[in-house]
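Encoded as structure tokens, the structure appears first; notes follow it.
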Number of protein chains: 2
Amino acid sequence: MLKISELSARTGLSAHTLRFYEKHGLITASDRSEAGYRFYTDADVRRAEFVKTARNSGFSLEDIGQLLSIRVDKLSHSCQEVTDITRLKLDEVNGKIAELQSMQQTLMILLDSCCGGPENATHCSIMEALEEGESRKNAGRETS
Amino acid sequence: MLKISELSARTGLSAHTLRFYEKHGLITASDRSEAGYRFYTDADVRRAEFVKTARNSGFSLEDIGQLLSIRVDKLSHSCQEVTDITRLKLDEVNGKIAELQSMQQTLMILLDSCCGGPENATHCSIMEALEEGESRKNAGRETS
DNA sequence: GTTGACCTTAGACCTAACTCTAAGGTTTAT
DNA sequence: ATAAACCTTAGAGTTAGGTCTAAGGTCAAC
Ligand SMILES: [Zn+2]
Ligand SMILES: [Zn+2]
Ligand SMILES: [Zn+2]
Ligand SMILES: [Zn+2]
């Protein structure tokens with residue numbers, strides 16, 4: 001039986017975070033001392049590690065809640081349910097990547113167009129491009 | 001002189017958002033009616049469009065504040081300052097992309113390992129992989 | 001028998017960029 | 001003159017995942 005600080009040390013999740021997860025239904029201490037101290041079993045440790053691994057894999061706490069409910073009763077759940085959650089998450093991640101890559105593209109074009117030098121910004125093509133708006137996708141290069 | 005709803009229609013930024021931007025120092029109405037209604041000039045419209053374009057390019061409102069202060073006095077600012085802001089943003093975006101690609105990788109490996117079928121999850125290799133933790137990067141395939 | 005490390009709770013605070021509400025004043029058209 | 005459609009403000013709420021504080025109770029050591 002571990003106290004919260006011991007579970008914290010074992011998992012790398014802070015005691016605050018562990019209580020936060022408990023409040024959100026992810027990890028509940030199996031037992032309490034008379035004074036109300038949380039006590040965690042080995043099964044709790046495994047559960048906490050599952051949560052941490054899932055979190056590091058990109059799952060939201062809500063996803064993790066679903067995964068945990070599958071975990072405690074695997075007979076009543078199918079591989080398909082598991083892949084559904086995973087695929088949804090992958091789609092989400094892919095969407096965010098696409099969005100960021102579009103920004104990356106824009107920023108690289110902007111950077112490429114500007115001389116980056118010490119002279120004043122009256123001729124700066126980044127400023128011009130932001131002035132022009134979306135219409136023109138490719139900024140003109142600065143002419144010295 | 002445009003009223004806020006007219007500027008909103010012209011820029012696609014909601015009146016709420018325009019007031020929010022004003023509160024954060026980005027776009028201030030050049031004038032007010034006697035009753036306190038905001039009135040925007042053509043210069044305000046251009047400024048609002050600049051903000052919108054910068055936002056769509058991925059800049060934070062704080063970044064945009066810096067870009068705007070360069071914009072109003074280009075003689076006192078250099079191309080280098082502009083590229084500094086842009087490069088910092090690009091680094092940030094690249095960092096986020098890398099993080100997401102790592103999640104993408106993990107999720108794809110997980111998905112690849114699981115049969116995704118209707119049978120129960122007692123043999124599910126996604127669940128196993130989340131159980132195992134970080135140590136083993138490649139999940140074993142499910143054997144039917 | 002008291003110091004110090006640990007634990008408890010409820011609840012406030014954080015970031016970012018909105019988004020909305022309440023409660024009221026203004027304008028315009030009928 | 002009254003209803004609809006606009007505008008104002010301050011301030012609360014949203015999302016996600018924590019992070020921290022206050023005010024106090026508990027436990028082990030010296
Ligand atoms: Zn230049
Ligand atoms: Zn430049
Ligand atoms: Zn399977
Ligand atoms: Zn499976």
Side-chain angles (χ1 to χ4, degrees), chain A residues 1-40 44 48 51-68 85 88-89 92-93 95-96 99-100 103, chain B residues 1-40 44 48 50-68 88-89 92-93 95-96 99-100 103:
Chain A
M1 293 293 227
L2 303 170
K3 278 187 289 187
I4 196 164
S5 63
E6 294 165 328
L7 180 59
S8 169
R10 211 152 294 201
T11 58
L13 301 167
S14 80
H16 278 304
T17 298
L18 288 168
R19 291 191 200 99
F20 173 78
Y21 285 174
E22 178 172 301
K23 196 160 59 185
H24 288 71
L26 299 185
I27 303 164
T28 307
S30 291
D31 209 352
R32 294 277 188 140
S33 76
E34 288 201 357
Y37 284 28
R38 289 170 179 80
F39 283 126
Y40 297 95
D44 293 335
V51 168
K52 198 191 174 190
T53 305
R55 193 196 60 175
N56 290 342
S57 306
F59 290 106
S60 69
L61 301 192
E62 197 188 331
D63 298 332
I64 294 173
Q66 291 180 53
L67 291 170
L68 285 169
I85 294 169
L88 228 59
K89 182 55 47 179
E92 197 183 309
V93 166
K96 281 187 197 163
E99 219 176 296
L100 285 167
M103 287 181 193
Chain B
M1 295 292 229
L2 304 169
K3 279 188 288 187
I4 197 164
S5 63
E6 294 165 328
L7 180 61
S8 168
R10 211 153 293 202
T11 58
L13 302 166
S14 79
H16 278 304
T17 298
L18 288 168
R19 290 190 202 99
F20 173 78
Y21 284 175
E22 178 172 301
K23 195 160 63 185
H24 288 72
L26 299 185
I27 302 164
T28 307
S30 291
D31 210 352
R32 292 278 188 138
S33 78
E34 287 199 359
Y37 283 30
R38 290 171 180 79
F39 282 126
Y40 297 95
D44 293 336
F50 181 96
V51 169
K52 197 191 175 190
T53 305
R55 191 197 62 176
N56 289 343
S57 305
F59 290 105
S60 69
L61 300 192
E62 198 188 331
D63 298 332
I64 294 173
Q66 292 179 51
L67 291 171
L68 285 170
L88 228 61
K89 183 55 46 177
E92 197 183 308
V93 167
K96 283 186 195 161
E99 220 176 294
L100 286 166
M103 288 180 190

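Protein chains get the first letters and strands the later ones, always in sequence-line order, with residue 1 at the start of each.
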Euclidean distance, atom [atom1] of residue [X] to atom [atom2] of [N] [Å, nearest integer]:
{"X": "B/His16", "N": "C/dC18", "atom1": "NE2", "atom2": "P", "value": "13 Å"}
{"X": "B/Lys52", "N": "C/dA17", "atom1": "NZ", "atom2": "C1'", "value": "16 Å"}
{"X": "A/Lys3", "N": "C/dC7", "atom1": "NZ", "atom2": "P", "value": "6 Å"}
{"X": "B/Arg32", "N": "C/dT26", "atom1": "CZ", "atom2": "C1'", "value": "14 Å"}
{"X": "B/Glu6", "N": "C/dT27", "atom1": "CD", "atom2": "P", "value": "14 Å"}
{"X": "B/Ile64", "N": "C/dA16", "atom1": "CD1", "atom2": "P", "value": "13 Å"}
{"X": "A/Tyr40", "N": "C/dC6", "atom1": "OH", "atom2": "C1'", "value": "14 Å"}
{"X": "B/His24", "N": "C/dA16", "atom1": "NE2", "atom2": "C1'", "value": "9 Å"}

Quiz item: Of the candidate nucleotides C/dT26, C/dG11, C/dA17, which contains the atom at the shortest distance from the side chain of B/Ala35?
Solution: C/dT26
Indicate, with a heavy-atom threshold strictly under 4.0 Å, whether [X] touches base, sugar-phosphate, or nothing.
{"X": "A/Arg19", "value": "base"}
{"X": "B/Ser33", "value": "nothing"}
{"X": "B/Tyr21", "value": "sugar-phosphate"}

Working to the nearest 0.5 Å, report the span between [atom1] of [X] and [atom2] of [Y].
{"X": "B/Arg19", "Y": "B/Ser8", "atom1": "CZ", "atom2": "OG", "answer": "9.5 Å"}
{"X": "B/Glu22", "Y": "B/Ile4", "atom1": "CD", "atom2": "CD1", "answer": "7.5 Å"}
{"X": "B/Met103", "Y": "A/Asn56", "atom1": "CE", "atom2": "CG", "answer": "8.5 Å"}

Exercise. Go through DNA chain D in 5' to 3' direction and return only the first and the last nucleotide with some atom under 4.0 Å of chain A's heavy atoms.
Key: D/dG17 to D/dC27
Please check if the side chain of [X] supplies one atom and the backbone of [Y] the other of a donor-acceptor pair under 3.5 Å.
{"X": "A/Lys96", "Y": "B/Leu100", "result": "no"}
{"X": "A/Asp63", "Y": "A/Ile85", "result": "no"}
{"X": "B/Ser57", "Y": "B/Thr53", "result": "yes"}
{"X": "A/Lys52", "Y": "A/Thr11", "result": "yes"}

